[in-house]
Amino acid sequence: MKEVRTRFAPSPTGFMHLGGLRTALYNYLYAKKNGGKFILRIEDTDQERFVEGATEVIYDTLRGCGMDWDEGPDIGGDYGPYVQSDRKDMYLPYAQQLVEKGAAYYCFCTKEELDERRAACEAKGEVFKYDKHCLNMSKEEVQQKLDAGVPYVIRLNCPTEGETTYEDVVFGKLTFPNDTLDDMVLIKQDGMPTYNFANVVDDHLMGITHVMRGMEYLSSTPKYNLLYNAFGWDIPEYVHLTTVMRDAQHKLSKRDGDAYYSDFIEKGYLKEALINYLALVGWNPGDDREFFTMDELIDVFDIHRLNNSPGIFDMNKLDWMNTQYIAKMDPEKYLEMGTPWFDKVLAGKNIDYKRLAELMQGRTEVFNRVPAMVEFLAEMPEYELELYTHKKMKTNPEVAKESLELVKPVLEGIQDWTESNLHDAVMEAIASSGKKNGAVLWPLRIAISGMASTPGGAFEIAYLLGREETMARLEKSMEKLAENA
RNA sequence: GGCCCCAUGGUCAAGCGGUCUAAGACAUCGCCCUUUCACGGCGGUAACUCGGGUUCGAGUCCCGAUGGGGUCACCA
């Protein structure tokens with residue numbers, strides 16, 4: 001059996017779209033699953049779009065996610081170069097070969113002429129298709145123009161009758177009427193190949209066996225096949241992937257800040273969670289498992305379980321999955337990742353980050369939500385007296401006042417300000433007072449945090465705050481209670 | 001608009017003619033646990049787009065309608 005060779009062929013835009021990342025992932029998984037090769041090729045035939053540092057973004061993202069390529073621009077390989085602009089001289093001869101075979105032809109129509117004809121067509125509400133105007137030019141006439149240096153493009157000569165059928169792994173048999181096929185340009189006026197042409201030539205030259213790409217290429221694939229056939233090359237297996245959507249009618253988009261890998265990383269999503277979730281949009285293992293490491297994905301990945309209907313990228317589920325990954329991560333790693341987020345609001349506050357991290361790890365959904373959750377430690381927030389009212393805890397401002405009066409001297413008597421000392425002393429006082437735990441602990445926590453919910457109970461918060469700050473906050477809250485009594 | 005693709009709960013989805021009075025997960029709701037929140041546990045609400053066929057039998061096959069998406073560049 002032939003070695004499986006897949007490829008990821010992004011154009012360097014400076015950003016990695018999640019849809020693209022998923023395409024890369026599936027290509028990677030399939031290659032690894034079959035002991036094949038995963039190739040990275042940069043498609044930069046459009047010189048006007050060149051973006052500085054864009055290839056690095058691609059490298060960093062793929063490597064960061066654990067998708068190492070076997071051949072690529074930076075590491076080479078037997079089929080290089082792997083950057084299309086470095087291969088630009090390779091394409092014209094292939095196009096000329098097609099012209100000789102009669103499968104393609106020179107076209108001297110100018111852009112302006114074409115635009116005019118296109119506009120006229122649209123005005124009549126018709127679909128514009130190149131009319132093969134230059135197809136029947138005599139050989140001599142063509143040569144004459146070529147010799148005279150008249151600018152030209154080379155076009156594919158598509159059939160106008162019949163239909164083309166091909167097989168796609170996820171969509172099955174696909175049939176297109178030939179009269180909808182446009183004579184696409186193969187070589188542009190500047191001598192560079194078009195994306196479509198370079199793609200076919202490169203895929204063949206690089207021995208790509210499985211072409212996995214977005215389904216937006218579904219309807220141009222018949223033209224690709226025309227090319228393969230004209231050259232007498234083997235047609236690769238096609239695996240068209242559905243679109244990753246934001247909702248039923250929109251793709252993930254740049255505008256909403258939810259399209260790029262970097263957007264998510266900056267918000268504090270873990271790349272492992274992102275990859276894991278992304279793998280599940282449009283594919284499933286056939287059983288109930290949802291958590292996978294890269295190696296596990298390689299193990300279970302099956303190209304035949306790819307879905308053929310578009311999937312919506314569910315932020316809710318991503319959040320949930322991210323929460324799970326964070327909860328399971330190494331505590332030291334959490335501390336390391338969480339520290340910059342703590343620093344945003346707690347820098348210079350002398351808070352025990354290690355303890356804070358322990359308390360926060362199980363409550364963190366996405367790191368960018370961390371600062372808002374811990375900010376109260378830096379400064380006591382303004383709060384409403386209503387916070388003291390909690391039916392289940394059997395407390396209200398009245399009860400709170402009493403409870404705090406009970407607890408204050410106890411706290412003052414604690415020598416060594418540790419959580420367990422705090423706990424033991426206060427619990428003992430509560431027990432001997434005959435009060436309910438909640439009726440004391442809820443008010444205490446409110447009094448020193450000003451928050452309905454905090455990343456820990458009264459003792460944890462008191463510990464984090466330290467003795468001095470805790471007592472200061474407590475006294476202030478007691479005054480507030482007294483004033484409003 | 002032409003052509004192409006798609007169609008199970010709010011979302012991801014299992015299902016590949018009978019075992020579907022349709023699995024699981026997220027979200028949502030309720031209860032339990034608990035010094036808050038969260039975690040966790042238990043339970044609930046919630047779907048085969050519609051209409052024709054084919055068949056003894058259809059979520060599963062066919063046709064049509066509807067809805068959604070894609071594509072129609074000397075962009076990739």
Side-chain angles (χ1 to χ4, degrees), chain A residues 9-13 43-46 48-49 84 107 109-111 114-115 118 122 125-129 151-155 168 171-172 174-177 179-182 184-190 192-196 198-199 214-222 240 242-243 245 247-251 277 280-284 286-290 307-321 323-324 327 359-360 362-365 373 387 390 392-393 423 426-427 430 436-446 449 451-461:
Chain A
S11 53
T13 60
E43 310 231 335
D44 60 347
T45 52
D46 185 8
E48 286 173 26
R49 283 208 207 171
Q84 275 181 344
C107 170
C109 295
T110 65
K111 245 183 230 180
L114 257 20
D115 287 345
R118 200 188 323 272
E122 273 164 21
E126 288 168 15
V127 179
F128 176 76
K129 215 182 116 184
Y152 67 90
V153 301
I154 295 178
R155 283 179 185 275
D168 180 271
F171 291 97
L174 267 7
T175 301
F176 294 80
D179 62 7
T180 60
L181 268 28
D182 198 12
M184 68 172 177
V185 170
L186 268 22
I187 298 293
K188 298 186 264 191
Q189 207 177 86
D190 63 5
M192 288 289 272
T194 55
Y195 166 84
N196 294 295
N199 221 265
M215 65 174 281
E216 59 268 27
Y217 298 101
L218 230 36
S219 46
S220 47
T221 300
H240 286 100
T242 55
T243 315
M245 308 289 285
D247 56 46
Q249 34 271 105
H250 305 278
K251 298 192 204 183
Y277 178 64
L280 263 14
V281 182
W283 172 84
N284 74 82
D287 56 36
D288 289 343
R289 284 179 297 168
E290 303 195 283
N307 242 95
N308 63 1
S309 50
I312 295 174
F313 190 85
D314 186 353
M315 299 292 171
N316 268 327
K317 186 138 190 184
L318 203 220
D319 284 359
W320 168 78
M321 190 160 267
T323 307
Q324 299 292 318
L359 292 167
M360 285 294 292
R363 298 165 222 256
T364 304
E365 296 179 295
M373 293 170 73
L387 266 188
H390 187 117
K392 257 187 82 184
M393 296 300 127
H423 174 273
V426 173
M427 292 309 273
I430 292 174
K436 292 272 185 198
N437 289 347
V440 178
L441 296 172
W442 172 278
L444 209 212
R445 195 180 57 81
I446 298 300
S449 71
M451 305 270 289
S453 86
T454 51
F459 306 128
E460 287 86 0
I461 303 306

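Letters A, B, ... are given to chains in the order of the sequence lines, protein chains preceding strands, and every chain is numbered from 1. Given the structure is predicted, the values throughout are model-derived calculations rather than measurements.
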Side chain of A:Trp320 (C-beta onward), nearest among B:U35, B:C26, B:A38: B:C26
Whole-Å gap separating P (B:C39) and CE (A:Met373): 11 Å
Atom-pair distance (CG on A:Asp168; C1' on B:G70), nearest Å: 14 Å
With rounding to the closest Å, how many angstrom separate the [atom1] atoms on [N] and [M]?
N	M	atom1	result
B:C29	B:C37	P	14 Å
B:U54	B:A13	C1'	29 Å
B:C48	B:C12	P	16 Å
B:U34	B:G41	C1'	13 Å
B:C5	B:G10	C1'	24 Å

Residue mapping more 5' on RNA chain B - nearest nucleotide basis, A:Gln324 or A:Gly456: A:Gly456
Upstream residue (5' side of RNA chain B) when A:Tyr152 and A:His250 are each assigned their closest nucleotide: A:His250
Carboxylate-amine/guanidinium proximity below 4.0 Å for A:Glu216 and A:Lys251: no
Side-chain donor/acceptor of A:Lys392 to base of B:U34, under 3.5 Å: yes
Check: B:U35 base within 3.5 Å donor-acceptor of A:Arg445 side chain: no
Footprint string (nucleotides 2-16 of chain B, 5' to 3'): B base within contact, S backbone only, - free, heavy atoms under 4.0 Å: -SSSSS---BSSSS-
Annotated protein contacts, base or backbone, on nucleotides 46-51 of chain B with a non-hydrogen cut-off under 4.0 Å, one of B, S, - each: ------
